[in-house]
Amino acid sequence: MNVLLIGANGCLGPHAVKALASHHHLRITDIKPPSAEIKRGFRKHEFRDVDVTSPNQVMEAARGMDALVNLSAVRRDRVLAYHVNALGCFNLMQAAVRHKIPRVINTGPHFTIAGPSYERFDHAISPDVPPHPGTDLYALSKSLGQEICRAFTLTHEIYVQTYLFYSFRDAEQLRPGVGGVPFVVTWTDAAELFRLGLEIELARLPSRCEVFFVLGDSPQQKFLNDKAKLVLGFVPKDQVSLLWRKDRGGSIP
C-alpha cells in the first residue's frame with residue numbers, strides 16, 4: 001500500500017515510520033526535514049517537503065496514494081493552529097476525494113472529544129461520548145478538524161479513523177511509583193496502531209468515521225481503550241500500569 005504521512009517528522013511521526021516501513025511504501029512529508037537517522041535508515045521510501053496548510057501541496061502529495069495519515073499539529077499559535085489543525089484536515093479530505101483515496105487516519109489529543117467537562121468528573125470515558133473539547137485553542141482547532149473529517153464521510157465513500165492521545169512515554173520510563181496522568185501510551189505501542197489501522201478491512205469499521213482512544217492498560221480506567229482493542233485488535237505490549245504501582249519505599253505519588 002502507498003501511504004502518505006503528513007507531519008511525519010515531529011514527535012510521533014518517526015515512530016510511525018519505523019512501524020510501517022516494512023509493510024508499506026511511505027511518502028514521508030513535513031515542513032521540516034527528517035532526522036538523519038530516519039533519512040539514512042529509510043532510503044527506499046520517499047521524502048518530500050509538504051505544508052499541510054497548502055491545498056496544492058497536499059493535493060499533489062496525495063497523488064498515487066492508497067491511504068493518508070495526518071500527524072500534523074500546532075498547539076499555541078492561534079492562526080497556525082486553525083490553519084494546520086482545521087484547514088489542514090479540509091485539505092487532506094479534499095485530496096482524498098479528488099484522488100479517490102478511501103482510507104484516512106487523523107490524529108489529535110484526547111480533549112478533541114473529552115475535554116475538562118469529562119476529565120474532571122467522569123470515569124470509564126469512551127471515545128464515543130458526545131464531543132466536549134472545552135475552550136483550549138488546541139482542543140477547539142483539533143475538534144473542528146475532526147468535524148470536517150466527519151462531514152466529508154457523510155457524503156463521500158471515505159473512511160476516517162481518528163486516533164487520540166494524551167501522554168507518551170518511552171518504555172524504559174515505565175518505573176514503579178512514577179505516576180502521571182491516567183492516559184499513557186508508549187511511543188512503540190502508539191505507532192503499532194497505525195499498522196493495524198492500515199490493515200483493517202474498511203467494511204469492518206462500525207461506520208465511516210470512528211474515533212479511538214490510544215492508551216495502555218491503566219488501573220484507574222478513567223479512559224477506556226476497549227474500542228481500539230475490539231475493532232482494531234490493539235494489544236498494548238508495554239505495561240504502563242507500572243507507573244502507579246508501589247515503589248520500593250512503599251508509596252505512590
Side-chain angles (χ1 to χ4, degrees), residues 1-35 38-74 80-108 141-142 144-163 191 193-205 208-210:
M1 185 182 296
N2 294 319
V3 181
L4 171 64
L5 303 178
I6 295 282
N9 299 331
C11 295
L12 180 56
H15 298 278
V17 168
K18 293 174 183 177
L20 299 176
S22 61
H23 303 278
H24 305 283
H25 176 73
L26 306 179
R27 184 170 289 166
I28 302 163
T29 76
D30 206 321
I31 59 171
K32 65 179 183 180
S35 68
I38 294 294
K39 189 77 171 180
R40 182 174 57 251
F42 300 94
R43 293 175 179 172
K44 294 182 179 180
H45 299 274
E46 295 180 63
F47 291 88
R48 291 192 187 183
D49 295 331
V50 174
D51 183 349
V52 73
T53 69
S54 168
N56 292 336
Q57 289 186 29
V58 174
M59 189 68 70
E60 181 58 32
R63 190 182 303 276
M65 296 291 103
D66 303 304
L68 310 179
V69 178
N70 182 24
L71 297 155
S72 62
V74 168
L80 283 177
Y82 173 69
H83 283 275
V84 171
N85 301 338
L87 291 185
C89 285
F90 182 74
N91 294 338
L92 206 69
M93 296 305 291
Q94 279 198 312
V97 172
R98 173 75 61 85
H99 296 300
K100 296 181 171 56
I101 300 170
R103 189 185 304 259
V104 174
I105 296 177
N106 192 33
T107 59
S141 55
K142 275 292 187 179
L144 181 55
Q146 170 62 22
E147 182 60 19
I148 289 170
C149 290
R150 188 192 69 81
F152 269 82
T153 65
L154 296 177
T155 54
H156 300 282
E157 196 72 20
I158 301 174
Y159 290 77
V160 176
Q161 303 169 56
T162 296
Y163 301 159
L193 203 68
F194 293 97
R195 184 186 66 81
L196 296 172
L198 290 172
E199 291 181 354
I200 189 172
E201 296 178 13
L202 294 176
R204 290 179 52 201
L205 292 169
R208 292 208 295 257
C209 186
E210 291 294 334

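Quick note: numbers below take in every heavy atom, side chains included, and nothing from hydrogens, waters or symmetry partners. This one's a predicted model, so the numbers in the text were calculated from it and none came from an experiment.
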Flag, side chain of [X] to backbone of [Y], donor-acceptor distance under 3.5 Å:
{"X": "Asn85", "Y": "Gly145", "answer": "no"}
{"X": "Arg103", "Y": "Val3", "answer": "no"}
{"X": "His99", "Y": "Met65", "answer": "no"}
{"X": "Asp66", "Y": "Asn2", "answer": "yes"}
{"X": "Asp51", "Y": "Ile31", "answer": "no"}
{"X": "Asn9", "Y": "Lys32", "answer": "yes"}
{"X": "Arg27", "Y": "Ala61", "answer": "yes"}
{"X": "His15", "Y": "Ala191", "answer": "no"}
{"X": "Thr107", "Y": "Asn70", "answer": "yes"}

Do you know which two heavy atoms are closest between [X] and [Y], and how far apart they sit?
{"X": "Lys39", "Y": "Pro34", "value": "CD-CG, 3.9 Å"}
{"X": "Cys149", "Y": "Val160", "value": "CB-CG1, 4.0 Å"}
{"X": "Pro102", "Y": "Leu202", "value": "CB-CD1, 3.9 Å"}
{"X": "Ile101", "Y": "Ala62", "value": "CD1-O, 3.5 Å"}
{"X": "Ala73", "Y": "Val84", "value": "N-CG1, 3.9 Å"}
{"X": "Ala67", "Y": "Leu198", "value": "CB-CD2, 3.6 Å"}

Discussion item. Taking CZ in Arg48 as the centre, count heavy atoms belonging to other residues, nucleotides or ligands within less than 6.0 Å. Is the count above 12?
Written reply: yes

Worksheet item: More than 12 non-hydrogen atoms from neighbouring residues, nucleotides or ligands closer than 6.0 Å to CZ on Phe47, yes or no?
Response: yes

Pairwise distance [atom1]([X]) to [atom2]([Y]) - rounded to 0.5 angstrom:
{"X": "Asn106", "Y": "Leu71", "atom1": "CG", "atom2": "CG", "result": "9.0 Å"}
{"X": "Phe194", "Y": "Lys18", "atom1": "CZ", "atom2": "NZ", "result": "14.5 Å"}
{"X": "Ser72", "Y": "Lys142", "atom1": "OG", "atom2": "NZ", "result": "5.0 Å"}
{"X": "Asp30", "Y": "Leu5", "atom1": "CG", "atom2": "CG", "result": "10.0 Å"}
{"X": "Ile105", "Y": "Leu68", "atom1": "CD1", "atom2": "CG", "result": "9.5 Å"}
{"X": "Phe90", "Y": "Leu92", "atom1": "CZ", "atom2": "CG", "result": "11.5 Å"}

Item to complete: Before giving the answer on side-chain contact (heavy atoms from CB on, under 4.5 Å), spell out for Glu46 and His25 the whole-Å C-alpha distance, their side-chain angles and the decisive distance to 0.1 Å.
Response: CA-CA 8 Å; Glu46 295 180 63; His25 176 73; 3.0 Å; yes

Worksheet item: Got a salt bridge between Arg208 and Glu157, using NZ or NE/NH1/NH2 to carboxylate O under 4.0 Å?
Response: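 Here Arg208 pairs with Glu157 in a salt bridge, since their nearest N and O are under 4.0 Å apart.
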
Worksheet entry | side-chain contact (heavy atoms from CB on, under 4.5 Å) assessment of Met93 paired with His156 | CA-CA 10 Å; Met93 296 305 291; His156 300 282; over 6 Å; no

Discussion item. Checking side-chain polar atoms at under 3.5 Å, does Gln161 have a donor or acceptor matched by the opposite partner on Tyr159?
Written reply: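 The answer is no; no qualifying pair exists.
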
